[in-house]
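Everything below concerns the one structure shown next.
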Protein chains: 2
Amino acid sequence: MTKSAQFDLLDYQIILELRKDARKSASEIARALKANERTVRNRIDRLVESGAVRLTSILDPHAFGYVNTVDIFLEVDSDQEQSAIEQLLKMHEVSYLAYGLGTQDISIEARFKDNAEMRQFLGKVLPSIPGVRVKGYALVPRILRNIDEWLPKPEDFEG
Amino acid sequence: MTKSAQFDLLDYQIILELRKDARKSASEIARALKANERTVRNRIDRLVESGAVRLTSILDPHAFGYVNTVDIFLEVDSDQEQSAIEQLLKMHEVSYLAYGLGTQDISIEARFKDNAEMRQFLGKVLPSIPGVRVKGYALVPRILRNIDEWLPKPEDFEG
DNA sequence: GCTGAAAATTATGCATT
DNA sequence: AATGCATAATTTTCAGC
């Protein structure tokens with residue numbers, strides 16, 4: 001589980017540095033923030049081990065030829081929800097999947113190399129999953145803010 | 001711009017390693033993949049400099065008290081689209097924003113610390129933006145796959 | 001674009017406060 | 001939890017293939 005640990009402004013600044021470059025050395029960060037090297041290392045470890053921060057690689061779909069992105073709202077019959085979710089998660093095109101407990105809503109994002117594949121997915125693949133209806137979708141050529149760019153407010157860091 | 005560079009299976013394996021830990025040393029990765037240290041460093045540099053891969057920090061909203069996430073579909077009058085998008089991007093609650101060129105669709109995700117804030121956002125804040133209508137939304141207590149977890153197919157890497 | 005070897009930098013382990 | 005220090009590991013620089 002992810003607990004609500006308490007982080008301070010040094011943590012916040014470290015997060016900002018790591019956001020620019022997750023491989024930036026602890027000593028470089030320490031210099032930039034005028035903090036102790038050893039402390040910065042300890043903080044990074046704590047941030048990662050607490051689960052509050054993940055240091056990872058994010059791929060640009062365009063660089064790999066995935067030029068079409070679509071956000072889709074689905075409605076699913078409750079009794080077929082589990083199997084529908086399982087099927088959706090098997091599809092590598094699905095880059096995001098979230099569902100509302102106690103509701104029939106599933107929200108997904110999917111990525112494709114061309115329009116034909118995307119149309120096939122919307123028109124054939126999704127409707128063929130038992131209990132699933134496409135409630136709406138939006139083609140999203142431009143993502144202006146991505147989930148990985150999200151930050152809490154500075155005020156969420158005590159100090 | 002992000003060009004479609006060509007990457008091979010070594011790049012793919014390096015990406016998989018960096019996904020687990022963006023700070024994993026190049027020598028450790030080289031050992032794991034039985035590749036040359038220097039080569040691994042060159043590849044990492046190339047992946048990052050080409051824009052295909054970003055090495056960054058991703059925060060867990062829960063760890064900072066943001067327990068409510070909602071995916072929202074909006075419809076916007078074309079002539080007010082630009083100003084609506086600008087206003088939405090100013091809101092720190094909005095963790096994702098994408099819009100379809102030539103359509104009226106805007107797709108967003110937003111995060112909140114409690115239900116009241118979220119309801120306020122859905123019921124008051126969004127409708128108060130000129131030209132914006134909430135077309136639908138889904139509360140998403142469970143995100144099963146996140147965008148940062150997305151990977152191209154191994155076949156997308158030549159070799 | 002891949003690899004090698006020495007120099008510089010960084011990380012780790014252990015200790016103290 | 002923060003820090004100092006010695007040692008180990010890694011990265012960088014400059015080079016040749």
Side-chain angles (χ1 to χ4, degrees), chain A residues 1-60 63-65 152 154-159, chain B residues 1-60 63-65 152 154-159:
Chain A
M1 265 316 290
T2 36
K3 280 198 217 149
S4 271
Q6 206 74 288
F7 301 109
D8 67 12
L9 272 170
L10 178 59
D11 295 303
Y12 183 66
Q13 292 176 296
I14 291 172
I15 287 170
L16 292 180
E17 293 293 325
L18 292 174
R19 218 152 80 106
K20 290 183 254 173
D21 175 10
R23 288 177 81 77
K24 187 173 281 181
S25 73
S27 20
E28 203 177 333
I29 294 171
R31 269 197 303 276
L33 305 181
K34 297 187 205 316
N36 180 281
E37 230 178 88
R38 211 48 250 261
T39 303
V40 170
R41 274 188 253 276
N42 289 343
R43 294 300 190 97
I44 294 175
D45 290 346
R46 195 159 60 92
L47 284 165
V48 172
E49 269 152 36
S50 70
V53 171
R54 271 180 315 129
L55 301 171
T56 189
S57 60
I58 297 188
L59 307 191
D60 176 7
F64 299 92
E155 301 92 89
D156 292 325
F157 297 84
E158 57 156 28
Chain B
M1 265 315 292
T2 36
K3 280 199 216 146
S4 270
Q6 207 73 288
F7 301 108
D8 67 12
L9 272 169
L10 178 58
D11 294 304
Y12 184 66
Q13 292 176 296
I14 291 171
I15 288 170
L16 292 180
E17 293 292 326
L18 292 174
R19 218 152 79 105
K20 289 183 255 174
D21 176 10
R23 287 176 82 76
K24 186 173 280 179
S25 74
S27 21
E28 203 178 333
I29 294 171
R31 270 196 303 276
L33 305 181
K34 297 187 206 315
N36 180 281
E37 231 178 86
R38 216 40 251 277
T39 302
V40 170
R41 271 186 210 112
N42 290 343
R43 296 301 190 96
I44 295 175
D45 289 346
R46 196 159 58 93
L47 283 165
V48 172
E49 268 151 38
S50 71
V53 172
R54 269 181 315 128
L55 300 171
T56 189
S57 60
I58 297 188
L59 307 192
D60 176 7
F64 298 93
E155 301 91 270
D156 292 325
F157 296 84
E158 56 156 28

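In what follows, chains are A, B, ... by sequence order, proteins preceding strands, each numbered from 1.
Between B:Pro152 and B:Phe7, the closest side-chain pair of non-hydrogen atoms is not below 4.5 Å.
The heavy-atom pair separating B:Phe157 from B:Asp8 by the smallest distance is CD2-O, 3.5 Å. Closest heavy-atom contact between B:Asp60 and A:Gly51: CB-O, 3.5 Å.
Look at CG on A:Asp8: it is 11 Å from C1' on D:dA1, rounded to the nearest Å. If you take NZ of A:Lys24 and P of D:dT11, they are 17 Å apart, rounded to a whole angstrom. What separates CZ of A:Arg41 from C1' of C:dA15 is a distance of 16 Å, to the nearest Å. If you measure from atom CG of B:Asn36 to atom P of C:dC2, you get 9 Å, rounded to the nearest angstrom. Between B:Lys34 atom NZ and C:dT3 atom P there is a gap of 15 Å when expressed in whole angstrom units. In this entry the distance linking CD1 of B:Ile29 with C1' of D:dA9 reads 15 Å, nearest Å. One atom, CD1 of A:Ile44, and another, P of C:dT10, lie 13 Å apart when rounded to the nearest Å. If you take CD of A:Glu37 and P of D:dC5, they are 12 Å apart, rounded to a whole angstrom.
At D:dT11, one or more side-chain N or O atoms of B:Ser27 fall inside 4.0 Å of OP1 or OP2 (strictly under the cut-off). One finds no side-chain N or O of A:Arg43 lying less than 4.0 angstrom from the OP1 or OP2 phosphate oxygen of D:dA1. A sub-4.0 Å separation between OP1 or OP2 of C:dC2 and a side-chain N or O of B:Thr39 is absent. Of the side-chain N and O atoms in A:Asn42, none sit less than 4.0 angstrom from OP1 or OP2 of D:dT3.
Remark: B:Leu55 CG to B:Arg19 CZ distance equals 12.5 Å, nearest 0.5 Å.
A:Glu28 comes within 4.0 angstrom of nothing in the nucleic acid, heavy atoms only.
Between A:Arg38 and A:Arg31, the residue whose closest nucleotide on DNA chain C is further toward the 5' end is A:Arg31.
Among B:Arg43, B:Arg31, B:Lys24, B:Arg23, the single residue meeting the salt bridge (charged side-chain N to carboxylate O under 4.0 Å, His left out) criterion with B:Glu17 is B:Lys24.
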